[in-house]
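One structure is given here, and the rest of the page talks about it.
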Amino acid sequence: MRETVHVDLGDRSYDILIGEGLLAEAGAHIAPLLPRPRVAILTDETVAQAQLPALQAGLEAAGIASVALALPAGEATKGWPQFSRAVEWLLEQKIERRDVVVALGGGVIGDLAGFAAAVLRRGVRFVQVPTTLLAQVDSSVGGKTGINAPQGKNLIGAFHQPSLVLADTGALETLARRDFLAGYGEVVKYGLLGDAGFFDWLEGNAPAMAQGDRTARIAAVTRSCQMKADIVARDETEQGDRALLNLGHTFCHALEAATGYSDRLLHGEGVAIGCALAFELSARLGLCAQEDPSRVRAHLRDMGMKVDLADIPGDLPTAETLYDLMGQDKKVVDGEIRFILARGIGDAFVTKGAPRDMVVQVLQDQLSARH
Ligand code: GLY
């Protein structure tokens, strides 16, 4: 089964292909982009072991030669040292202005390689080959590329759209369960922000998907990409609607900062907890029914995911400190923290701000439940 989602951005439009076996067919899909049969692949050491041979064989099958650089796996790679290493390696490999860079990996590699492509010779094209659920449904689509600064995550970067995305759902087979579920945090976000029917479908089908139901995986990745493609086509550079994709992220970024961007909390786990908190806050503000946050939490529990602050191991700072950490978010406008809140499941909207006391109270209640 093969699905195609089109991202409609004028002369920068591109397709996202979703299905099993796309690594093996990569050459046939990438060849039409190439003026000469040669690409440079950026990946990480873990993905290089699991997926690089299949990708290179798929390229060779279409007569495309490839060179590859495997960077260390992990978030620490997403900074200046590995970024400049990657850019200089691409120059050493004599990647020219019309050549194509291939990003094979999860969000770290996709963001770093996309940014490298954005600045190399003032911009070369690139193809995203995402190998994690999180990258397939979110980070590989939409053209946000970049690296982290000591001052915060993703603070250095550029909008640079890929020319093609190949989401081989077969690659998810080798993903650790925890990483799969973290990626699922971004999937459930789409249902919660804009498609109540999709959330209903996930309640029924996502447990089987986590157990390995391949058809359900393709359906979930496809629906997620369609929703993201629609939003990005409306608002590529996040002047408005694209901020909806940040549902749960304001809380998440504070929690990630509080846990030192460590293994205590993966990004997608923080997104899931953040979505539950955003619905709790929405209910307390009288925006949505009290049953909505309960339903969100029940589904996340069903999936065996982290649901609230009590599920994060180790100490957390006070509610006030967490609130202050939200103030560091790059989405703060004129000092106001922009929350994405909801009128119901599938009906999120962007606020200018929310009453500080209410936000602190929501966090405080969950922190108290930890003891
Ligand atoms: N991950 C949020 C966005 O692409 O806008």
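Both ligands and their constituent atoms are indexed starting at 1 by order of listing. Note that the structure is predicted; figures quoted are calculated from it, not measured.
Applying the salt bridge (Lys or Arg N to Asp or Glu O under 4.0 Å) rule to pairs touching residues 215-224 yields E173-R217, D195-R223, sequence neighbours excluded.
With T77 contributing its side chain and P72 its backbone, the two residues share a donor-acceptor pair below 3.5 Å. In this structure, the side chain of D44 does not engage the main chain of A73 through any donor-acceptor pair within 3.5 Å.
Screening R125, R121, R36, Q93 against D99 for a side chain to side chain donor-acceptor pair (under 3.5 Å) leaves a single residue, R36.
A salt bridge is defined here as a Lys NZ or Arg NE, NH1 or NH2 lying under 4.0 Å from an Asp or Glu carboxylate O, and K144 with D138 fails to meet this definition.
Enumerated by chain and number, the residues approaching ligand 1 to less than 4.0 Å through a heavy atom are D138, K144, K228, E238, R242, L245.
Within 6.0 Å of atom CZ in R98, 12 or fewer heavy atoms from other residues, nucleotides or ligands are found, so the atom counts as exposed in its surroundings.
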